[in-house]
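One structure is given here, and the rest of the page talks about it.
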Amino acid sequence: MRYQLLIICSIFFHFSCSKIQKQEQSYLLQVGDIYYNPKIDEANFKLCDEFRVLQYYNFGEGLQYKGEKIEIIEYFLSRYKAKNIKNETGFVTIRFLVNCKGLTGRFRIEGMDYDFQKKEFDQSITNQLLALTQQLDGWIIGEYEGKTYDYYQYLTFKIKDGKLIEIMP
């Protein structure tokens, strides 16, 4: 009887653990992780450590860009061609990764209105912001205690009637 009970418990334990492992694989390591998607991401963009990606603010230096935020603001204001489109108002956030070599990839776009409800912006706005963001080439390599790291970065654009009003962070 003991032997049969031990076998039943072992089988139950084995199947319950394998179910947990399968469930865990469908979750992100961290909230907001951006995994490689072959349909939209460049195959040649590689992270140095897929399991150790920091946030830009973890380095304690603020925005990690040569010339800092003022450089990014001047870049967009001189290149963004405003579209006077009524009701194209809200926030466009572009999230992406900067690898340990200072290269960028895995860009994702989210839009929301001023009430923070999901919004799809006119593609003439989002495509332009995305292209300009992808062309930024002054990202600083993330470094902490002598080691280099990949990190997440984002830019949020405040749009009013198709015009660029503000860039955050």
Discussion item. If you apply the rule side-chain contact (heavy atoms from CB on, under 4.5 Å), what do you find for Phe96 with Arg106, and how did you get there?
Written reply: CA-CA 5 Å; Phe96 54 95; Arg106 299 189 192 172; 5.9 Å; no

Fill in: Check against side chain to side chain donor-acceptor pair (under 3.5 Å), Tyr35 and Asp41
CA-CA 9 Å; Tyr35 287 126; Asp41 295 324; over 6 Å; no

Worksheet item: Are Ile94 and Thr126 close enough, and set up right, to give a side-chain contact (heavy atoms from CB on, under 4.5 Å), and what steps lead you there?
Response: CA-CA 9 Å; Ile94 300 179; Thr126 54; over 6 Å; no

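Linking ILVMFWY side-chain heavy atoms closer than 4.5 Å, directly or via other members, places Tyr36 and Val53 in two distinct hydrophobic clusters. Taken together through direct or relayed side-chain contacts under 4.5 Å among Ile, Leu, Val, Met, Phe, Trp and Tyr, Tyr57 and Ile140 form parts of separate hydrophobic clusters. Linking ILVMFWY side-chain heavy atoms closer than 4.5 Å, directly or via other members, places Ile85 and Ile165 in two distinct hydrophobic clusters. The hydrophobic clustering, which links ILVMFWY residues whose side-chain heavy atoms are closer than 4.5 Å, places Leu132 and Leu63 together.
The shortest side-chain heavy-atom distance between Leu164 and Leu77 falls under the 4.5 Å cut-off. You'll find the side chain of Ile109 reaches within 4.5 Å of the side chain of Leu130, heavy atoms only. By the 4.5 Å heavy-atom criterion applied to side chains, Thr133 and Phe107 are counted as neighbours. Residues Lys158 and Thr89 form no side-chain contact, since every pair of their non-hydrogen atoms from C-beta on lies 4.5 Å or further apart.
Under the rule for a side chain to side chain donor-acceptor pair (under 3.5 Å), Arg79 has no partner lying at least two apart in sequence or in another chain. The ring-ring contact (aromatic ring centres under 6.0 Å, His included) search around Tyr75 returns none, not counting sequence neighbours. Applying the ring-ring contact (aromatic ring centres under 6.0 Å, His included) criterion to Phe157, with sequence neighbours excluded, gives Phe76. In this view, Tyr80 satisfies the ring-ring contact (aromatic ring centres under 6.0 Å, His included) rule with no residue, not counting sequence neighbours. Residues satisfying the side chain to side chain contact (heavy atoms under 4.5 Å, CB included) criterion with Lys101, sequence neighbours excluded, are Asn99, Leu103. Partners of Thr93 according to the side chain to side chain donor-acceptor pair (under 3.5 Å) rule, which considers only residues two or more places apart in sequence or in another chain, are Thr156. When the ring-ring contact (aromatic ring centres under 6.0 Å, His included) test is applied to Tyr154, the partners found at least two apart in sequence or on another chain are Tyr56.
Few gaps surround CD on Glu166; more than 12 heavy atoms of other groups in view lie less than 6.0 Å from it.
Of all heavy-atom pairs spanning Cys100 and Thr148, the tightest one is CB-OG1, 3.7 Å. Among all heavy-atom pairs drawn from Asn87 and Asp161, the shortest one is N-OD1, 3.4 Å.
Ring to ring, Trp139 and Tyr151 are not that close: their centroids are 6.0 angstrom or more apart.
Residue pairs meeting the disulfide (SG to SG under 2.5 Å) criterion with at least one partner in residues 127-169, sequence neighbours excluded, do not occur; the list is empty. Judged as a salt bridge (charged side-chain N to carboxylate O under 4.0 Å, His left out), the pairs with a partner in residues 110-138 (not counting sequence neighbours) are, in order, Glu88-Lys119.
A donor-acceptor contact shorter than 3.5 Å is absent between the side chain of Asp150 and the backbone of Glu50. A donor-acceptor contact shorter than 3.5 Å is absent between the side chain of Arg95 and the backbone of Arg108.
One finds the CD atom of Gln64 at 12.0 Å from the CD atom of Gln55 (value rounded to the nearest 0.5 Å). The distance from atom NZ of Lys81 to atom CD1 of Ile125, rounded to the nearest 0.5 Å, is 15.0 Å.
Connectivity analysis of hydrophobic side chains (ILVMFWY, heavy atoms under 4.5 Å, direct or indirect) links Ile141 to nothing; its cluster partners are none. The hydrophobic cluster containing Tyr114, built from Ile/Leu/Val/Met/Phe/Trp/Tyr side-chain heavy atoms closer than 4.5 Å, also comprises Phe91, Met112, Phe116, Met168.
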Donor-acceptor pairs under 3.5 angstrom involving side-chain atoms of residues 66-74: please list them, not counting sequence neighbours.
residue : atom : partner : partner atom : Å
Lys69   : NZ   : Ile167  : O            : 3.0
Lys69   : NZ   : Pro169  : O            : 3.0

